[in-house]
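To keep things clear, I will list the structure first and then write my remarks on it.
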Amino acid sequence: MAGIGVRLSGGRLRSVPVWLVPATVTLLVTLVGLDTAQPWRDELATWSAATRGLTGLFRLAGTIDAAAGPYYLLMHAWLAATGDSVAALRLPSALAMAAAAGLTAVLGQRLWDTRVGTLAGLLFAVLPGTSRYGQEARPYALASALAVLSTLLLVDAVRRPARRRWLGYAAATTALGLTHLVALTLLAAHAIAVLTATRATRTGPGSDGRGDGSNGGGKWQSPAPGRLVGYWLAALVPVAVAVVPLALLARGQRARQLDWVDAASPGDLAALAGGVAQSSVVGGVLLGLAALGAARAGRRGLLPVSCVLLPVLLLFLAGLAVPLWVPRYLVFVVPFGCLLAGAALAAARVPAALAVVALTGLLGLPDQAALRRTHEWPRSATVDYRAVAEVVADGRRPGDAVVYSPRDSWLFLDLGLRYHLGGQTPQDALLVEGQDRRGDLWAAECDSPAECLTGVERVWLVLAGRRADPLAAVPGAKGDALRDRFAVTQVWPRPGITLALLTRHG
C-alpha cells in the first residue's frame, strides 16, 4: 500500500514504510499510562454492554444504545478473549489510533509526498487528543482509523479504478458507519472528491515535482466522471443496506440517549479545535497550521479540507435543530487536519518542521499528564469510583448491603462499584431487575425500600457528589426507609462521590 523509504530531505534516511514511524510513535505514546486513569462513565457503559451475553447485548441495542451496538459486539468478542482489565478495555483503541496515524501518513504520501505524510502522522501522534481517545474504551479511535482508511481507498479507487478497490472502499465505509454513524458525514467530502475528478493521465514517477514517485506516480487514468460517479454510488449500496436500519433504530432512541446534550451554538465551533485536541493551546496550533496548509495546498488540499469542514458543518447545522453537537463525535476529522498541517510544515526545512512537531508535543504535556489522571470532561467532574471501592473492600462484612443514590443517573454509580469490586460487591438490597435483564444501562429498584431492607444490619450508601449529610441527600421513599432504620457511622467523601456506612438503630 505504501511506498518504501522515508525521504524527509535530499537522501534516504531510513528504508522503512512511510506508515511505520508515525504508527510506532503513536502506539508508544498512547501505551504510556494506558491503565492509570480509571474507567469513566462512558467506558463503564462499554464494559457493562460488552460483558453481557449476546441476548442481553441485542436487547440493549433495541432499547437505548443501538448506535454503539456493533462496537459493543466487537468488544464482547475482545473481552471474552482478554479479560476486562483497564488495559484490555483500552488496548483496541490504542491499536486503532496507531493505525490511524500510519494511514494518515500513507494518505499524505498519496496526496502529496512522503515528507507531508510523515510529518502529518508524527503531528497526529503527539496530540493530547490522540492519547485521550486512544486510551478510551469507546469507538472514536476506531472510527478515526476507518475514516482515513475509507478515504485512502477512495483515492486509490478513483486513480486506478478496479473492482477490488471499490469493494475495499465499500467494506471500509460500511465498517465506518457501523462504528460511528456521525462519521458518515465524511461521505459529503467523498462526493466532492468523486465529482471533481476528471479524466487525466500522468506519466512518470514524481511528475508533480514534489515527491519520490511513491505518491501515486506512474500511469493512471480516471474514467469519465459519469462512470466514476456510478462506481461510487454502487459502492455505497452495501453501506446503505447495513447502516440505514441501524440509523433508523438509533434515531428512535435519540431523545433518551442524548437527553444531556444542548443545542449547538456559534461558541461551540470556536471551542471545537481545543475539544478534539484535548488542549486549547495545541488545538490552536493545529488549527493555524491546518489553515496555512489549506491556503498553500490548492486543489491538492481539496479532499482533506472537505474532510474537515463538511462533517463539522453538517453536524453543527443538525445540532441547531436537534441535540447532536458533541465535540468528541468529530474526532475522526483530526487526521485530515493533521494532513493539512503536514503540508504546511513540509514547506520548511526538515529540522524546523520536526522542531514544530516537537514543540506541539511539549505544549501538550500538561494535558497529556492530566488525561492520564482522569478521563472525565471537564476534569473537575471526576468521580473516584476506585477510591470508594477500596474502602468498601477493606471494610465489608458478610450480610452487608449497598444502596445507590441516584440510581438512574449517567454517573452509573452501581457500574463503577461493580467494575472495581467484582464478586466482592455487597448485595444490592433494593435491586429487583438488573441492567442485563432490562436491556438498559440502569437497574430497577423495589417499590417498597423498607421491606427490601428487612434483615439488613449494615448499608454502604453510595451517593453522587460531596454530601455532608448523606442520609438527608437521599430523596423519596428510599431516603425515608434509610433515615427511619439506620444511622450514619462513618463518611468517606471522595472526588465526585460520597460513601457512608450506615448501621441499623439498636
Side-chain angles (χ1 to χ4, degrees), residues 42-43 45-52 54-81 89-93 95-97 99-100 103 133-134 136-154 157 165-191 232-254 257-258 307 311 314-315 318 324 326 328-335 439 441:
D42 280 18
E43 292 180 291
T46 296
W47 170 75
S48 173
T51 52
R52 302 180 191 197
L54 290 179
T55 301
L57 186 51
F58 285 112
R59 190 183 298 124
L60 175 68
T63 303
I64 187 173
D65 215 358
Y71 171 74
Y72 291 155
L73 189 61
L74 175 67
M75 290 299 293
H76 172 83
W78 172 263
L79 295 182
L89 277 168
R90 293 173 177 167
L91 184 57
S93 293
L95 295 173
M97 274 307 192
L103 290 165
Y133 296 104
E136 178 173 276
R138 296 298 288 172
Y140 310 116
L142 182 58
S144 298
L146 289 170
V148 184
L149 176 61
S150 173
T151 306
L152 175 62
L153 293 173
L154 176 68
R165 293 191 176 92
W166 286 112
L167 288 175
Y169 171 73
T173 308
T174 300
L176 175 64
L178 292 175
T179 300
H180 186 32
L181 286 172
V182 172
L184 286 183
T185 54
L186 198 65
L187 291 178
H190 289 186
W232 181 64
L233 291 176
L236 294 185
V237 171
V239 180
V241 170
V243 173
V244 167
L246 180 69
L248 292 175
L249 183 57
R251 183 172 179 242
Q253 300 170 354
R254 187 186 64 221
Q257 180 72 13
L258 298 175
C307 288
L314 289 172
L315 187 63
L324 283 175
V326 180
R328 61 179 175 270
Y329 290 175
L330 289 165
V331 167
F332 67 91
V333 309
V334 173
L441 293 171

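Only a predicted model underlies this, so the values are computations on that prediction, with no experimental measurement involved.
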Practice problem: Answer yes or no: is there a donor N or O on one side and an acceptor on the other, between the side chain of Ser144 and the main chain of Ala100, under 3.5 Å? | Solution: no
Considering only distance and modelled atom types, tabulate donor-acceptor pairs under 3.5 Å from the side chains of residues 236-253, sequence neighbours left out.
residue : atom : partner : partner atom : Å
Gln253  : OE1  : Asp65   : N            : 3.2
Gln253  : OE1  : Ala66   : N            : 2.9
Gln253  : NE2  : Ala61   : O            : 2.7

Quiz item: Of all heavy-atom pairs between Leu149 and Leu103, which one has the smallest distance, and what is that distance?
Solution: CB-CD1, 3.8 Å
Practice problem: Quick one: closest heavy-atom pair of Ala49 and Leu57, and the distance? | Solution: O-CD1, 3.5 Å
Quiz item: Distance from Leu441 atom CG to Thr63 atom OG1, nearest 0.5 Å?
Solution: 9.5 Å
Quiz item: Is there a donor-acceptor pair under 3.5 Å between the side chain of His76 and the backbone N or O of Arg52?
Solution: yes
Self-check item: Atom pair CH2/CG of Trp232 and Leu187 - distance to nearest 0.5 Å
Solution: 6.0 Å
Quiz prompt | Under 3.5 Å donor-acceptor, Thr46 side chain and Ala137 backbone | solution = yes
Practice problem: For Ala147, enumerate each residue passing the side chain to side chain contact (heavy atoms under 4.5 Å, CB included) test, keeping only those at least two apart in sequence or located in another chain. | Solution: Leu176, Leu186, Phe332, Phe336
Quiz item: Between Arg138 and Ser93, what is the shortest heavy-atom contact and its length?
Solution: O-OG, 3.5 Å
Quiz item: Which pair of heavy atoms, one from Leu153 and one from Ala172, lies closest together, and at what distance?
Solution: CD1-CB, 3.8 Å
Exercise. Can you sort out the partners of Thr179 under side chain to side chain donor-acceptor pair (under 3.5 Å), two or more places apart, ordered by chain and number?
Key: none
Quiz item: Between Trp78 and Leu91, is any pair of side-chain heavy atoms under 4.5 Å apart?
Solution: yes
Quiz item: Can you tell me how far the NE2 atom of His180 sits from the CZ atom of Arg328, to the nearest 0.5 Å?
Solution: 10.0 Å
Quiz item: Are any non-hydrogen side-chain atoms of Pro311 and Leu330 less than 4.5 angstrom apart?
Solution: yes
Quiz prompt | Flag side-chain contact, heavy atom, 4.5 Å: Val182 against Val326 | solution = no
Quiz item: Do you know which two heavy atoms are closest between Glu136 and Glu43, and how far apart they sit?
Solution: CA-OE2, 3.3 Å
Quiz item: Angle class for the His190/Tyr169 ring planes (parallel below 30°, perpendicular above 60°, tilted otherwise)?
Solution: tilted
Quiz item: Measuring from Leu146:CG to Leu152:CG, what's the distance to the nearest 0.5 Å?
Solution: 12.0 Å
Self-check item: Nearest atoms (heavy-atom pairs only) where Val333 meets Cys307
Solution: CG1-O, 3.6 Å
